[in-house]
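This structure is a prediction, so every number in the text was calculated from the model and none was measured. Numbers for residues simply follow the sequence, beginning at 1.
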Amino acid sequence: EDNVPEARKFLAKMKSTAPNDSRTLEIEGDCAKAEGDFELATQHYRKLINGSDSQAAARGNLSLGFLLMERGGRQDA
């Protein structure tokens, strides 16, 4: 909370290069929360959750990879 001005500077750079990146959205929500704007924070966190399909897919693929490694690479799951 004490570093919101520094976080905002960093966030400005992130928004220019990756405005919809999950880290950008999370930091936007964190800054809004630290500034007491809970409605805006909630909006950013919801956008983060709603846009996390790729993360869910990545986690699923990672889990499948571990399962396949345990089975010696067989894909009969």
Side chains of [X] and [Y]: does their closest heavy-atom pair fall under 4.5 Å?
X     : Y     : answer
Glu39 : Gln43 : yes
Asp30 : Tyr45 : yes
Arg8  : Glu35 : yes

Distance (rounded to the nearest 0.5 Å) between [X] [atom1] and [Y] [atom2]:
X     : Y     : atom1 : atom2 : answer
Cys31 : Leu40 : SG    : CG    : 10.0 Å
Lys33 : His44 : NZ    : NE2   : 13.0 Å
Glu26 : Asp21 : CD    : CG    : 10.0 Å

Side-chain donor or acceptor of Thr24 paired with backbone N/O of Lys15 under 3.5 Å: no
Exam field: side chain Asn3 to backbone Glu6, donor-acceptor pair closer than 3.5 Å: no
Arg46: partners by salt bridge (charged side-chain N to carboxylate O under 4.0 Å, His left out), with sequence neighbours left out: none
Heavy-atom closest pair, residues Ala7 and Ile27: O-CG2, 4.5 Å
Distance-minimising heavy-atom pair for Asn20 and Leu25: O-CD1, 3.9 Å
